[in-house]
Amino acid sequence: MMKNKPIALVLLALLIFIRNTSGSSQDDQGQLQVGFYAKTCPHAEAIIHEVVRRAVVADPRNAAILLRLHFHDCFVEGCDGSILINNDLDGELKAAGNAGVAGFDIIEDAKARLESACAAVVSCADIVALAARDAVSLSNGPFYQAPTGRRDGRISKMSLAADLPDVDDSIEVLKSKFKQKGLSHKDLVLLSGAHTIGVTACFFLQNRLYNFASTGGSDPAIHPLFLPKLKAKCPLNGDVNVRIALDRTSQFIFDDQILYNIRGGFAVIASDARLNDDDDTRQVLVSYLRGSKRSNKTRPSFKEDFTAAMVNMGKIDVKTGSKGEIRRVCSAVN
């Protein structure tokens, strides 16, 4: 009996070690989960929703602004709120690909309210993700369960944003950039569908209208009836800050009209039009259209698949567990 006691003690110590190691590993690595703040800040999502609701009611353009903010955050250093850091010298917001990104005041408003309710609990990265989700639903789009538990990054550098998807990228480059982030060509089509709401600036149409592929001409993919309308809004040597709706028929309503626009040659920006240039992305695009070979029963739901793509994007290189921090204000690291 005494001979077995040391063995038993060793086994017990080993079990305790394994249990403790397993627990710390889970804490270090972490996982996103729906309702992450249910116990630590039970009203977090309701607080964010109310801030976003007020912003969208005040200006419907804020919905697309918040949706774009989430995309640009996730594509640089992962979904970690790094785009929010106010680094005047070398911040990622200074990158050319982030021109026009906004919505920071809305995120800071939500953060201030959350800090009053439950200080140092809810990350800025999660506020951005949840604000994008609520922006979609408040624009007649689908509401979806967004996993949370992200922590905030501490690094924001312009050089890290050098490879953001660009409006003038070829379809091969766009697919490659999405693949590098763990996203598929289907995700590319669906996330481009976010352009069903919002506007762009004439700045982003200059090459497409007046020097496509360095030819000095216009993108041949533009419908001949649509080209003069785009040029009238964005004349050569005109004001590049003029805004133009990405979806010419329903810029404040989240629907699938953008897909029909792209297929018919009425895409506003070049990167949307490029979805027609590739067999893989074109097949995904067409699968959502009425009149395709699929019946209404077998045709996939754009809205449902869009939410899945948003959840996929929201998982890019997230910091969880002991990584990162929970910022006190979103514009500065602690």
Side-chain angles (χ1 to χ4, degrees), residues 22-57 62-63 65-74 76-85 103-139 141-156 306-334:
S22 175
S24 65
S25 176
Q26 185 177 12
D27 180 63
D28 288 342
Q29 296 179 9
Q31 293 293 331
L32 299 185
Q33 62 185 64
V34 173
F36 181 84
Y37 300 109
K39 293 182 179 179
T40 55
C41 192
H43 301 297
E45 295 197 21
I47 290 171
I48 295 168
H49 179 84
E50 180 57 18
V51 170
V52 174
R53 186 192 68 79
R54 290 182 182 181
V56 173
V57 168
N62 281 327
I65 286 171
L66 290 169
L67 188 51
R68 186 182 183 215
L69 178 62
H70 184 35
F71 177 89
H72 283 252
D73 181 37
C74 288
V76 182
E77 289 294 285
C79 310
D80 67 349
S82 57
I83 196 171
L84 306 173
I85 298 174
F104 307 105
D105 55 332
I106 302 171
I107 302 301
E108 288 289 8
D109 184 10
K111 179 61 173 174
R113 293 170 188 267
L114 288 164
E115 287 298 296
S116 295
C118 36
V121 172
V122 182
S123 69
C124 299
D126 275 343
I127 297 173
V128 172
L130 291 169
R133 185 270 307 272
D134 292 341
V136 170
S137 67
L138 288 164
S139 303
F143 179 88
Y144 56 95
Q145 296 295 333
T148 45
R150 301 168 188 81
R151 289 171 65 85
D152 297 322
R154 300 186 181 98
I155 298 173
S156 179
F306 174 81
T307 64
M310 286 292 288
V311 170
N312 288 342
M313 184 184 75
K315 296 177 181 178
I316 296 175
D317 296 332
V318 293
K319 297 168 180 64
T320 58
S322 61
K323 297 178 181 178
E325 64 182 12
I326 304 298
R327 287 187 218 134
R328 296 181 182 89
V329 294
C330 293
S331 60
V333 298
N334 294 340

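All residue numbers in this chain count up from 1 along the given sequence.
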Stepwise side-chain contact (heavy atoms from CB on, under 4.5 Å) check, Val52 with Leu66: CA-CA 9 Å; Val52 174; Leu66 290 169; 3.9 Å; yes
side-chain contact (heavy atoms from CB on, under 4.5 Å) between Ser331 and Leu84, worked out: CA-CA 5 Å; Ser331 60; Leu84 306 173; 5.9 Å; no
Candidate pair Arg133 and Glu45, rule salt bridge (charged side-chain N to carboxylate O under 4.0 Å, His left out), full reasoning: CA-CA 10 Å; Arg133 185 270 307 272; Glu45 295 197 21; 2.9 Å; yes
side-chain contact (heavy atoms from CB on, under 4.5 Å) between Asn62 and Ile106, intermediate numbers included: CA-CA 9 Å; Asn62 281 327; Ile106 302 171; 3.7 Å; yes
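Taking Phe71 as the reference, Phe75 meet the ring-ring contact (aromatic ring centres under 6.0 Å, His included) condition, with sequence neighbours excluded. Applying the side chain to side chain donor-acceptor pair (under 3.5 Å) rule to Asp73 yields no partners; only residues at least two apart in sequence or on another chain are considered.
Rounding to the nearest 0.5 Å gives a distance of 10.0 Å between NE2 of His70 and CD1 of Ile107. The distance from the CG atom of Leu130 to the CD1 atom of Ile48 is 4.5 Å, given to the nearest 0.5 Å. Going from atom CD1 of Ile326 over to atom CG of Leu114 covers 11.0 Å, rounded to the nearest 0.5 Å. We find the CG-SG distance between Asp105 and Cys330 to be 11.5 Å, quoted to the nearest 0.5 Å. Here the CD1-CZ distance, from Ile83 to Arg68, works out to 8.5 Å after rounding to the nearest 0.5 Å.
In plain terms, the two heavy atoms of Ile127 and Ala110 that are nearest each other are CG2-CB, 3.9 Å. The shortest non-hydrogen separation linking Ser139 to Ala63 is OG-CB, 3.1 Å. In this structure, Asn334 and Glu325 approach most closely via the heavy-atom pair N-OE2, 3.1 Å. A pairwise comparison of heavy atoms in Val121 and Tyr37 identifies O-CE2, 3.3 Å as the closest pair. Nearest heavy-atom pair across Asp134 and Phe143 is OD1-CE1, 3.8 Å. What you find for Ser82 and Asp80 is that their closest heavy atoms are OG-OD1, 2.8 Å.
Checking side-chain atoms of Arg154 against main-chain N and O of Val333 turns up no donor-acceptor pair under 3.5 Å. Formation of a donor-acceptor pair under 3.5 Å by the Arg151 side chain with backbone atoms of Lys323 is found in this model. A donor-acceptor pair under 3.5 Å is absent between the side-chain atoms of Arg328 and the main chain of Ala120, judged by distance alone. At distances below 3.5 Å, not a single donor-acceptor pair connects side-chain atoms of Glu77 with backbone N or O atoms of Gly153. Under the 3.5 Å distance criterion, the side-chain polar atoms of Arg327 are matched with a main-chain donor or acceptor of Gly81. The closest donor-acceptor contact from the side chain of Lys111 to the backbone of Val122 lies under 3.5 Å. Without hydrogens or angle criteria, Ser123 side chain to Arg150 main chain gives a donor-acceptor distance under 3.5 Å.
Proximity of His49 to Leu138: side-chain heavy atoms (C-beta onward) are separated by under 4.5 Å at one or more points. Counting heavy atoms from C-beta outward, Val311 and Pro147 have side chains that approach closer than 4.5 Å. Looking at Arg113 and Glu50, their side chains never come closer than 4.5 Å, going by heavy atoms from C-beta outward. Within the 4.5 Å cutoff, the side chain of Thr148 has no heavy atoms near those of the Leu32 side chain.
The residue from Asp126, Val318, Val128 that alone fulfils the side chain to side chain contact (heavy atoms under 4.5 Å, CB included) condition with Cys79 is Val318.
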